[in-house]
Structure formats: structure tokens, C-alpha cells
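When a ligand or atom number is given, it counts from 1 through the structure's own listing order. We count residues from 1, following the sequence as given. Below, each value reflects all heavy atoms present in this structure, side chains not excepted, and no hydrogens, waters or symmetry copies.
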Amino acid sequence: MTLRTILIHPDPRLKKVAAPVAEVTDDLRRLADDMLETMYDAPGIGLAAPQLGLSHRLIVMDCAKKEEDTPRPLALFNPEVIWSSEDRNVYEEGCLSIPEQYADVERPAEVRVRWLTPEGKTEEEHFSGLWATCVQHEIDHLNGKLFIDYLKPLKRQLITRKMEKLKREMARA
Ligand code: K2U
Ligand code: ZN
């Protein structure tokens with residue numbers, strides 16, 4: 001398994017709509033493993049292939065809180081929300097591609113998601129709580145959408161300017 005580099009916003013590859021996975025190959029299964037390893041190392045609770053600059057509809061998640069729950073690593077190919085609740089939740093979101101920036105984002109509190117598993121089986125599951133927030137955040141990445149796109153323009157510009165400064169400093173380092 002290999003740790004991959006996570007792209008930092010702004011980056012055109014984070015704005016692209018990712019291509020559907022035609023079939024789950026060994027290479028894509030290996031990529032999912034690398035994504036899980038990269039996610040745990042970050043640390044994070046979700047990661048989408050476009051964040052590694054790869055335009056595949058593939059996300060990984062493990063929102064199990066270390067202390068109380070047993071880890072539940074999930075790899076979802078071609079995930080799609082097939083139902084979302086009227087009720088909405090606000091969560092202070094962050095993003096591994098927008099480090100150290102957090103803001104409140106409102107989303108449906110519960111969603112039903114259908115996806116293709118690494119074994120090529122179609123699964124459906126009802127997510128609520130942090131899992132629901134995370135899966136919607138990750139599916140947004142597959143559609144080139146970042147959590148800052150839900151913020152007011154001024155706030156979004158502030159965060160983008162900070163990231164541009166961070167990238168200039170990283171380039172100099
Ligand atoms: O896509 C990503 O950048 C991974 C995010 C996923 C996420 C963001 C907001 C809310 C839920 C999931 C990273 O996991 S950000 C780090 C983090 C860790 C724990 C809770 C919230 C955010
Ligand atoms: Zn993110």
C-alpha cells in the first residue's frame with residue numbers, strides 16, 4: 001500500500017466531475033486500499049479519488065469513532081444518493097484538501113446510498129449522523145463540489161486566498 005499526496009484547493013482537478021467506474025479492477029481495489037491508508041494517516045474520516053487527482057467515482061470512509069466503535073473501512077464505487085430526508089443537520093465541516101479551515105454546512109440529516117462494492121456487488125445503506133454528512137461530502141467531491149461552495153462568496157474567497165498563500169509557502173519550503 002502507498003501513501004498518496006492529497007491535492008490542496010484551489011486545483012482544477014478538484015473541480016472536475018469524476019468518471020463512473022466501468023468495472024471494479026484489481027488496480028481500482030488497490031487504489032481503494034491506498035486511499036484508506038492515506039485517509040487514516042491524514043487523519044480523516046473520508047477521502048475521494050479526485051482529492052488524489054484521479055477522476056474515478058470512488059470514495060472511502062470510516063466514520064467509526066476510534067474510542068467507542070470498531071473501525072468500519074468502506075470503499076464505495078459509483079456511489080449515488082437515492083433518497084434524502086427532509087430533516088437537515090448542520091455540521092462544522094473540514095476538508096483534507098482545505099486544511100485548517102472549518103465552517104458550518106447544512107445537509108439532509110439522513111440519506112440512502114447505492115454503490116458498487118470492491119467485490120462488484122450492488123449495496124444499499126441508510127446513513128445518518130456523521131456517516132450521512134461524510135458520504136454527502138465525499139459524493140460532492142466526485143461532482144467537483146467542495147464544502148466551501150455552500151458558503152457566502154466573501155467567506156469562500158477568504159478561505160481560497162488563505163490556501164493560495166499556503167501553497168506559495170509550501171512551494172518555497
Ligand atoms: O473529504 C475530505 O476531505 C475528508 C473529510 C471528510 C469530512 C468532512 C466533514 C465532515 C465529515 C467528513 C475529512 O475527514 S476532514 C477531517 C474530519 C475528521 C473528523 C470529523 C470531521 C472532519
Ligand atoms: Zn473534502
Per-atom contact, atom 8 (C) of ligand 1, protein heavy atoms, under 4.0 angstrom: yes
Protein heavy atom at shortest distance from atom 14 (O) of ligand 1: Ile45 N, 2.8 Å
Backbone of Lys145 reached by a side-chain donor or acceptor of Asn143 within 3.5 Å: no
Among His137, His141, Gln51, Arg156, side-chain contact (heavy atoms from CB on, under 4.5 Å) partner for Leu146: His141
Quiz item: cation-pi between Lys155 and Tyr150, 6.0 Å / 45°: no
Contacting atoms of ligand 1, where contact means under 4.0 angstrom from a heavy atom of Gly44: 14 (O)
Exercise: do Tyr91 and Asp104 side chains pair donor with acceptor under 3.5 Å: no
Check: Thr133 N/O within less than 3.5 Å of ligand 1 N/O: no
Trp83 six-ring face occupied by Arg114 cation (under 6.0 Å, within 45°): no
Residue portion contacting ligand 1 (non-hydrogen atoms closer than 4.0 Å) for Phe147: neither
Test item: Asp87 and Pro108 side chains (from C-beta on) under 4.5 Å apart, heavy atoms: no
Atom 4 (C) of ligand 1: nearest protein contact (heavy atom, Å): Gly46 O, 3.0 Å
Within-cut-off N or O pair, His137 and ligand 1, under 3.5 Å: yes
contact_flag Gln51 ligand 1 heavy-atom lt 4.0 Å: yes
His141 atom NE2 and His137 atom NE2 as seen from the Zn ion (ligand 2), angle to 10 degrees: 100°
Under-4.0 Å salt bridge between Arg168 and Glu164: no
Test salt bridge (charged side-chain N to carboxylate O under 4.0 Å, His left out) applied to Glu100 - qualifying residues, sequence neighbours left out: none
Heavy-atom nearest option to atom 3 (O) of ligand 1, drawn from Leu130, Leu96, Val135, Val105: Leu96
Atom 1 (O) of ligand 1 [closest protein heavy-atom partner, distance rounded to 0.1 Å]: Glu138 OE2, 2.8 Å
Whether Gly94 lies under 4.0 Å from ligand 1, heavy atom: yes
